[in-house]
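What you see is a predicted model; the values in this text were computed from it and never measured.
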Amino acid sequence: MPLDHPPEATTRTRDTGPPRTGGDEKAVLLGFLEYLRRSVADKAAGVPEPQVRTAGVPSGTSLLGLVRHLACVERFHFLGEEPEDWAGTMRPSPGETAGGVLADYREAIARANEVIEACTDLTRPRPGPAAARAAPSMRWVLVHMIEETGRHAGHADILREQIDGSTGR
């Protein structure tokens, strides 16, 4: 459900290429994850209400919902904080503001980065509470977060283009 806008209102930005990272494995993985995190946050930044929370597809997905969900995913995988309702993580409450959700995402990323930086061996299990199954390795978590964030970055690209025609990263 794209919003009507005149062609001259379309914002086009150039894509930025993949990040240049350090040479070790952790630096490469974190560099790509940061690149995708920034892409998602940038897509939601500056989008006015109610468009930022308006569903752009029949599933109900919105830009604000994607950012909120990814903050929960960051906290789950790096901090061991599991939400009570995973489906609910995609639905911002009426009282949540875009600025607040973006700040929360950035705070979750900062805390996750502390955990990543403290990790000296990517083969070790990710930190967090004991679970019924063995925790995945930090390498697995980083690769999964690249996949998860990349998937939602693509969704954010489409939703933002539907809102105001903006493309690029």
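- Side-chain contact between His144 and Arg126 is absent, with no heavy-atom pair separated by less than 4.5 Å.
- Checking side-chain atoms of Arg111 against main-chain N and O of Phe78 turns up no donor-acceptor pair under 3.5 Å.
- Side-chain contact between Phe32 and Val143 is absent, with no heavy atoms from C-beta onward closer than 4.5 Å.
- Ile158 is not connected to Leu66 by any chain of hydrophobic side-chain contacts under 4.5 Å among Ile, Leu, Val, Met, Phe, Trp and Tyr, and they are in different clusters.
- Rounding to the nearest 0.5 Å places CZ of Arg106 at 10.5 Å from CZ of Arg38.
- Heavy-atom minimum distance, Gly56 versus Gln162: O-OE1, 3.2 Å.
- In this structure the side chain of Arg68 never reaches within 4.5 angstrom of the side chain of Leu64, judged on heavy atoms.
- Here Leu122 contributes atom CG and Asp24 contributes atom CG; the two are 8.5 Å apart, rounded to the nearest 0.5 Å.
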Which is it for Ile109 and Glu34 under the side-chain contact (heavy atoms from CB on, under 4.5 Å) test, yes or no, and what are the steps along the way?
-> CA-CA 9 Å; Ile109 289 169; Glu34 283 293 327; 3.8 Å; yes

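- Taken to the nearest 0.5 Å, the OG atom of Ser166 stands 8.5 Å off from the CD atom of Glu161.
- For the atom pair OG1 of Thr149 and CD of Glu147, the computed distance is 8.5 Å after rounding to the nearest 0.5 Å.
- Contact check for Glu148 versus His69: side-chain heavy atoms found under the 4.5 Å cut-off.
- Using a 4.5 Å cut-off on side-chain heavy atoms (C-beta onward), Met145 and Ile116 make no contact.
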Trace of the side-chain contact (heavy atoms from CB on, under 4.5 Å) decision for Leu30 with Asn113 | CA-CA 9 Å; Leu30 185 56; Asn113 282 346; 3.5 Å; yes

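- Residues Glu49 and Ala98 approach most closely at OE2-N, 4.0 Å, considering heavy atoms.
- Of the possible polar contacts, one joining the Arg53 side chain to the Glu96 backbone as a donor-acceptor pair under 3.5 Å is found.
- Taking 4.5 Å as the limit, every side-chain heavy atom of Leu36 sits out of range of all side-chain heavy atoms of His152.
- Closest non-hydrogen pair, Ala71 versus Ala108, comes out as O-CB, 3.8 Å.
- Across Ile163 and Gln51, no two heavy atoms sit closer than the pair CD1-O, 3.6 Å.
- Looking at every heavy atom in both residues, Leu159 comes nearest to Ser62 through CD1-C, 3.7 Å.
- Between Ile146 atom CD1 and Leu29 atom CG the span is 5.0 Å, to the nearest 0.5 Å.
- Not a single side-chain hydrogen bond (donor to acceptor under 3.5 Å, both in side chains) links Glu114 to another residue, sequence neighbours left out.
- Thr61 meets the side-chain hydrogen bond (donor to acceptor under 3.5 Å, both in side chains) test with Ser59; sequence neighbours excluded.
- Here the straight-line distance linking atom SG of Cys72 with atom CD of Glu84 works out to 11.5 Å at 0.5 Å rounding.
- Of all the heavy atoms in Arg160 and Lys43, the pair that sits closest is NH1-O, 2.8 Å.
- Val115 is not listed as a side-chain neighbour of Glu74, based on a closest heavy-atom distance of 4.5 Å or more.
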